[in-house]
Colleague: 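Handing you this structure, nothing more for now.
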Amino acid sequence: MTVRATFTRMEDSTQADWALIMPEAMKMARALPDRVLAHLQLLDGDFGGFPIDRLSHCRQSATLAYRDGRDEAYVVCALLHDIGDTLGSYNHPDIAAAILKPFVSEANLWMVQHHGIFQGYNFFHHIGLDRHMRDQFKDHPFAAHTAEFVVKYDNPAFDGQAEMLPLSFFEPMLRRVMAAPRQSVYKAALEK
């Protein structure tokens with residue numbers, strides 16, 4: 001049986017309680033890549049009317065980025081950019097960005113969080129939205145970075161005949177990127 005803290009209000013917790021909690025938190029943190037990979041699998045077979053399923057789209061985006069020589073963090077962003085489709089039907093980029101935030105650069109984080117609006121240029125006019133919605137960000141320092149992601153890796157990644165490396169190919173990259181958080185309020189405590 002696992003020993004657990006006994007407080008009923010966080011303000012009543014003690015250093016001894018946290019000595020029990022932190023090792024469990026570390027186990028949970030180390031298992032994050034496993035949970036992310038399992039969640040990606042939920043996209044397998046989910047076409048949502050698209051020409052290829054969502055997992056294939058993510059794999060194809062990541063394959064294009066990898067073949068273009070992008071670094072591992074960028075490739076992982078390409079792989080995970082639509083992971084939020086299942087949980088965030090109205091804000092999927094925010095879900096992906098929240099997962100990636102501790103691990104990627106500010107530019108890549110902004111790219112993931114805003115890719116939906118930038119991709120909207122290619123289809124918003126078909127669904128009654130303003131395809132130029134992305135123009136509100138035209139002066140943002142990461143706008144060109146995001147537009148390039150959409151043009152090179154998100155927009156062309158709906159081709160069922162194109163190369164798609166298997167998820168297993170990207171797994172080591174994902175594990176390396178998620179093993180080294182760049183920023184988190186908990187980073188210092190987790191590194192002890």
Side-chain angles (χ1 to χ4, degrees), residues 25-44 46 48 50 53-120 134 137 140-158 164-191:
M26 287 305 302
K27 279 193 240 175
M28 182 73 129
R30 284 190 299 273
L32 177 61
D34 297 323
R35 292 189 308 278
V36 168
L37 289 164
H39 197 86
L40 268 175
Q41 291 292 344
L42 296 176
L43 303 178
D44 190 17
D46 179 1
F50 289 98
D53 68 49
R54 287 177 163 98
L55 179 59
S56 295
H57 169 67
C58 289
R59 288 175 36 229
Q60 195 171 121
S61 293
T63 299
L64 289 166
Y66 174 77
R67 294 286 187 229
D68 203 26
R70 296 297 180 149
D71 65 43
E72 286 191 348
Y74 192 102
V75 172
V76 169
C77 285
L79 181 66
L80 300 185
H81 79 282
D82 281 346
I83 194 170
D85 280 348
T86 57
L87 294 173
S89 299
Y90 302 103
N91 66 330
H92 79 275
D94 296 324
I95 304 298
I99 293 166
L100 289 162
K101 186 176 182 175
F103 308 105
V104 300
S105 69
E106 187 179 347
N108 285 346
L109 178 65
W110 200 91
M111 173 187 80
V112 170
Q113 190 159 19
H114 292 84
H115 81 272
I117 290 173
F118 280 71
Q119 179 70 286
R134 69 183 184 176
F137 301 112
H140 192 280
F142 305 134
H145 184 66
T146 305
E148 179 185 54
F149 169 75
V150 169
V151 167
K152 289 185 167 188
Y153 312 119
D154 192 8
N155 184 42
F158 294 92
M164 288 176 256
L165 292 167
L167 193 53
S168 60
F169 178 84
F170 299 109
E171 182 177 346
M173 289 182 209
L174 180 104
R175 290 186 183 285
R176 284 189 292 271
V177 168
M178 291 191 161
R182 295 167 159 227
Q183 62 267 337
S184 168
V185 68
Y186 302 110
K187 185 176 185 232
L190 293 173
E191 290 175 345

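One is the number of the first residue; the rest follow in order along the sequence.
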Colleague: Walk me through it: do Arg176 and Val76 pass the test side-chain contact (heavy atoms from CB on, under 4.5 Å)?
Modeller: CA-CA 10 Å; Arg176 284 189 292 271; Val76 169; over 6 Å; no
Colleague: Would you say the side-chain atoms of Asp53 pair up with the backbone N or O of Ser56, donor to acceptor, closer than 3.5 Å?
Modeller: yes
Colleague: Nearest heavy-atom pair of Asp68 and Lys152: which atoms, and what distance?
Modeller: OD2-NZ, 3.7 Å
Colleague: Output the distance between atom OG (Ser105) and atom CD (Gln183), rounded to the nearest 0.5 Å.
Modeller: 8.5 Å
Colleague: Supply the atom-to-atom distance Gln113 CD to Asp94 CG, rounded to the nearest 0.5 angstrom.
Modeller: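 If we round to the nearest 0.5 Å, Gln113:CD and Asp94:CG are 5.0 Å apart.
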Colleague: Any non-hydrogen side-chain atom of Arg70 less than 4.5 Å from a side-chain atom of Tyr153?
Modeller: yes
Colleague: List the atom of Phe103, the atom of Val177, and the distance in Å for their closest heavy-atom pair.
Modeller: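 Shortest heavy-atom contact: CD2-O, 3.4 Å.
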Colleague: Verify the ring-centre separation between His145 and Tyr74: is it less than 6.0 angstrom?
Modeller: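 That pair passes the under 6.0 Å test.
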Colleague: Roughly how far, to the nearest 0.5 Å, is the NE2 atom of His140 from the CH2 atom of Trp110?
Modeller: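 Rounded to the nearest 0.5 Å, the CH2-NE2 separation comes to 5.0 Å.
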Colleague: Do the non-hydrogen side-chain atoms of Asp85 and Asp46 ever get within less than 4.5 Å of each other?
Modeller: no
Colleague: Is it true that His81 and His57 share a donor-acceptor pair across their side chains at a distance under 3.5 Å?
Modeller: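 On atom types as modelled, these side chains qualify, holding a pair under 3.5 Å.
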Colleague: With a 4.5 Å limit on heavy-atom distance, are the side chains of Leu80 and Val112 in contact?
Modeller: no
Colleague: Check whether any side-chain heavy atom of Val150 sits under 4.5 Å from a side-chain heavy atom of Met111, and report yes or no.
Modeller: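 No; the side chains remain at least 4.5 Å from each other.
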Colleague: To the nearest 0.5 Å, how far apart are OG1 in Thr86 and NE2 in His39?
Modeller: 2.5 Å
Colleague: Between Arg35 and Met28, is there a side-chain heavy-atom distance shorter than 4.5 Å?
Modeller: yes
Colleague: Between Leu167 and Leu40, is any pair of side-chain heavy atoms under 4.5 Å apart?
Modeller: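 Sidechains of Leu40 and Leu167: in contact.
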Colleague: Go through Leu100 and Cys77 one step at a time and tell me if the side-chain contact (heavy atoms from CB on, under 4.5 Å) criterion holds.
Modeller: CA-CA 7 Å; Leu100 289 162; Cys77 285; 4.0 Å; yes
Colleague: A side-chain contact here means heavy atoms from C-beta on lying under 4.5 Å apart; do Ile117 and Phe137 qualify?
Modeller: yes
Colleague: Using the ring centroid of each side chain, check whether Phe169 and Tyr66 are separated by less than 6.0 Å.
Modeller: yes
Colleague: Count the heavy atoms of every other residue, nucleotide or ligand shown that sit under 6.0 Å from CD of Glu106, and state whether that count exceeds 12.
Modeller: no
Colleague: With side-chain contact (heavy atoms from CB on, under 4.5 Å) as the criterion, how do Cys58 and Ile83 come out once you've worked through the C-alpha distance, each side chain's angles and the decisive distance to 0.1 Å?
Modeller: CA-CA 8 Å; Cys58 289; Ile83 194 170; 6.0 Å; no
Colleague: Are His115 and His92 close enough, and set up right, to give a side chain to side chain donor-acceptor pair (under 3.5 Å), and what steps lead you there?
Modeller: CA-CA 10 Å; His115 81 272; His92 79 275; 3.2 Å; yes
Colleague: Identify the two heavy atoms, one from Ser168 and one from Pro172, that lie closest to each other, and give their separation to 0.1 Å.
Modeller: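 The answer is O-CD, 3.3 Å.
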Colleague: Are the side chains of Thr146 and Arg134 in contact, using a 4.5 Å heavy-atom criterion?
Modeller: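 No, every pair of side-chain atoms sits at 4.5 Å or beyond.
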Colleague: Going by side-chain contact (heavy atoms from CB on, under 4.5 Å), Val36 matches just one of Arg175, Gln41, Met178. Which one?
Modeller: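 Testing Val36 for a side-chain contact (heavy atoms from CB on, under 4.5 Å) against Arg175, Gln41, Met178 leaves exactly one candidate, Met178.
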Colleague: Roughly how far, to the nearest 0.5 Å, is CG of Leu109 from CD1 of Ile99?
Modeller: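 The CG atom of Leu109 is 12.0 Å from CD1 of Ile99, to the nearest 0.5 Å.
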Colleague: Quick check against the 3.5 Å criterion: does Ser184 have a side-chain atom that pairs as donor or acceptor with the backbone of Pro102?
Modeller: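 Checked: no pair found.
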Colleague: Taking atom CG of Asp82 and atom CD1 of Ile95, what is their separation to the nearest 0.5 Å?
Modeller: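 The CD1 atom of Ile95 is 12.0 Å from CG of Asp82, to the nearest 0.5 Å.
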